[in-house]
Peer 1: 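One structure, as structure tokens, below. Some questions next.
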2 protein chains.
Amino acid sequence: MVDNGDSLSLDDQICFALYAANRAVTARYRPILEELGLTYPQYLVMLVLWQEQCDNAADISNPEGLRISDLGRRLRLDTGTLTPLLKRLAEREMLTRERSSRDERVVEVRLTKKGAALRARAQGIPGRLLCGLDVQPERLIALRTELQDMLRILEETGGSSG
Amino acid sequence: MVDNGDSLSLDDQICFALYAANRAVTARYRPILEELGLTYPQYLVMLVLWQEQCDNAADISNPEGLRISDLGRRLRLDTGTLTPLLKRLAEREMLTRERSSRDERVVEVRLTKKGAALRARAQGIPGRLLCGLDVQPERLIALRTELQDMLRILEETGGSSG
DNA sequence: TCAATTAATATTGTGCACAATATAACGGTG
DNA sequence: CACCGTTATATTGTGCACAATATTAATTGA
């Protein structure tokens with residue numbers, strides 16, 4: 001079973017392994033996130049906002065807010081995905097969307113109290129997921145590192161030449 | 001940077017690494033598959049059909065065809081995804097959808113000549129992708145194995161108990 | 001100052017994913 | 001045969017993803 005990279009067998013394709021594993025993990029998250037009223041991409045957005053709030057804990061007034069473009073950079077998502085997603089989260093009062101007064105093009109996203117409070121309920125989620133998984137933590141960390149490396153390589157060797 | 005599984009940091013989450021890497025790989029495929037007029041999930045369907053055709057090479061008449069339910073099992077997709085996808089591929093004459101005469105519930109999917117011929121043009125795709133990627137093949141195979149293991153574990157420890 | 005350019009977000013359209021439900025066909029039992 | 005539970009696929013509705021385009025605001029430059 002040598003993989004010279006030219007096989008068209010489904011089972012030989014790393015791309016399919018990635019595709020199927022990703023959906024399986026998302027499916028595992030789904031019922032847990034449903035308790036919080038979040039979809040998986042919405043959860044990722046909240047993770048960024050919660051992180052941001054921690055980083056800005058020193059500031060009292062937190063005047064900045066996170067731009068949609070910054071969210072997009074972190075999550076690798078564009079506005080076609082983020083705009084409606086953020087509107088749904090805003091409808092549920094998890095966050096606010098406000099035009100920046102300094103630059104009217106910019107929309108600043110901020111957690112509401114409700115959104116910030118949700119963090120406590122999300123705290124146990126990563127643990128609960130790994131819990132049901134019979135895999136050594138070191139192996140998961142190794143896998144994560146490999147995936148991050150691959151992502152970095154894919155993003156660095158970007159566009160047209162190949 | 002210890003990961004006890006309780007971090008809510010985006011960068012610590014294997015789930016995000018999986019999510020982002022999957023989309024990055026899919027994005028890398030997109031322009032190549034566009035040459036064949038296929039989306040990425042459509043490509044996966046074609047992979048299964050091409051494989052099936054190879055396996056049945058001994059049969060001359062190939063009366064069986066692949067059931068939608070079999071496709072779904074292999075790709076881990078349900079009819080809500082597959083039915084419209086297969087209709088689009090049928091419109092483009094890549095495959096045919098026919099009710100089984102023996103069991104009218106079943107829809108049998110078969111490659112057309114055009115669909116079968118596309119295999120030749122797809123042959124080089126895995127190679128072209130890995131080519132632009134500065135990663136040792138062994139590392140990719142190891143990553144694939146890890147992902148397949150994870151998928152298996154996720155599917156075995158299935159539903160409600162946790 | 002005002003046209004041109006750039007930047008940030010929004011909108012539109014297509015194609016997945018998936019939950020929930022519907023439809024139709026099979027298979028067995030009385 | 002009529003009834004019933006099961007199986008296979010289809011349909012509907014919601015929510016991503018992403019390409020392409022539009023909109024509005026800031027910036028630059030004659």
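So you know, we letter chains A, B, ... as the sequences are listed, proteins then strands, and number each from 1. This one's a predicted model, so the numbers in the text were calculated from it and none came from an experiment.
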Peer 1: Does the side chain of A:Leu77 come within less than 4.5 Å of A:Leu71's, by heavy atoms?
Peer 2: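 Counting from C-beta outward, A:Leu71 and A:Leu77 never come under 4.5 Å.
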Peer 1: Look at B:Arg139 together with A:Glu146 and state whether they make a salt bridge at an N to O cut-off of under 4.0 Å.
Peer 2: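 A salt bridge links B:Arg139 with A:Glu146.
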Peer 1: Do A:Pro137 and A:Leu130 make a side-chain contact, defined as non-hydrogen atoms from C-beta onward lying under 4.5 Å apart?
Peer 2: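 Result no, sub-4.5 Å side-chain heavy-atom pair not found.
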Peer 1: With the threshold set at under 4.0 Å for non-hydrogen atoms, list the residues of residues 94-103 of chain B touching DNA chain D in residue-number order.
Peer 2: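 Heavy-atom cutoff 4.0 Å gives B:Arg97, B:Arg99.
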Peer 1: Output the rounded distance in Å from CZ (A:Arg67) to C1' (D:dA26).
Peer 2: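 Result: 12 Å.
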Peer 1: Could you state the atom-to-atom distance from CZ of A:Arg105 to P of D:dT27 in whole Å?
Peer 2: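 A:Arg105 atom CZ is separated from D:dT27 atom P by 6 Å.
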Peer 1: Could you list the donor-acceptor pairs under 3.5 angstrom formed by side chains in residues 40-48 of chain B, with sequence neighbours left out?
Peer 2:
from, atom 1, to, atom 2, distance (Å)
B:Tyr40, OH, A:Cys15, O, 3.0
B:Gln42, OE1, B:Thr39, N, 3.0

Peer 1: Looking for any heavy atom pair under 4.0 Å, which part of the strands does B:Ser69 touch: base, sugar-phosphate only, or nothing?
Peer 2: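 Sugar-phosphate, backbone atoms only, no base.
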Peer 1: How close or far is atom P of D:dA10 from atom CG of B:Leu82, stated in whole angstroms?
Peer 2: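 Distance check: B:Leu82 CG to D:dA10 P gives 10 Å.
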Peer 1: Would you say the side-chain atoms of B:Thr157 and A:Arg28 include a donor-acceptor pair closer than 3.5 Å?
Peer 2: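 Yes, side-chain donor-acceptor contact under 3.5 Å.
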Peer 1: So which pairs with a foot in residues 76-91 of chain A pass salt bridge (charged side-chain N to carboxylate O under 4.0 Å, His left out), sequence neighbours left out?
Peer 2: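 Passing the test, one end in residues 76-91 of chain A: A:Arg76-A:Glu155.
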Peer 1: Please determine, by modelled atom types, if B:Arg105 and B:Ser69 share a side-chain donor-acceptor pair under 3.5 angstrom.
Peer 2: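 B:Ser69 and B:Arg105 do not have a side-chain donor-acceptor pair below 3.5 Å.
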Peer 1: Between the side chain of A:Ser100 and the main-chain N/O of A:Asp103, is any donor-acceptor distance below 3.5 Å?
Peer 2: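 Such a contact is found between A:Ser100 side chain and A:Asp103 backbone.
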Peer 1: Would you say A:Leu151 and B:Val135 are hydrophobically clustered, going by side-chain heavy atoms of ILVMFWY under 4.5 Å?
Peer 2: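 Each belongs to a different hydrophobic cluster.
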Peer 1: Looking at every strand, decide which applies to B:Leu85 at a 4.0 Å heavy-atom threshold: base, sugar-phosphate, or nothing.
Peer 2: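 The answer is sugar-phosphate, as B:Leu85 gets under 4.0 Å only of primed atoms, P, OP1 or OP2.
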Peer 1: Got a sec, which residues hit side chain to side chain contact (heavy atoms under 4.5 Å, CB included) with B:Glu34, two or more places apart in sequence or on another chain?
Peer 2: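 Once residues adjacent in sequence are excluded, B:Glu34 has no partner under the side chain to side chain contact (heavy atoms under 4.5 Å, CB included) criterion.
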Peer 1: Could you tell me whether a side-chain N or O of B:Arg99 sits under 3.5 Å from a main-chain N or O of B:Glu104, the two making a donor and an acceptor?
Peer 2: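 Checked: pair present.
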Peer 1: For a 4.0 angstrom threshold against heavy atoms of chain B, report the outermost contacting nucleotides of DNA chain C in 5' to 3' order.
Peer 2: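 Counting from the 5' end, contacts occupy C:dG15 to C:dC26.
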Peer 1: So which of residues 34-44 of chain A are in contact with DNA chain D, with a heavy-atom cut-off of under 4.0 Å?
Peer 2: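 Within this stretch, A:Thr39, A:Pro41, A:Gln42 sit under 4.0 Å of the strand.
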Peer 1: Judged by each residue's nearest nucleotide on DNA chain D, which is more toward the 5′ side, B:Asp70 or B:Thr26?
Peer 2: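 By nearest-heavy-atom nucleotide position, the 5'-most residue is B:Asp70.
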Peer 1: Could you check whether the side chain of B:Thr83 and the base of D:dA10 have a donor-acceptor pair of N or O atoms closer than 3.5 Å, going by distance alone?
Peer 2: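 It does not, because no donor-acceptor pair links the side chain of B:Thr83 to the base of D:dA10 below 3.5 Å.
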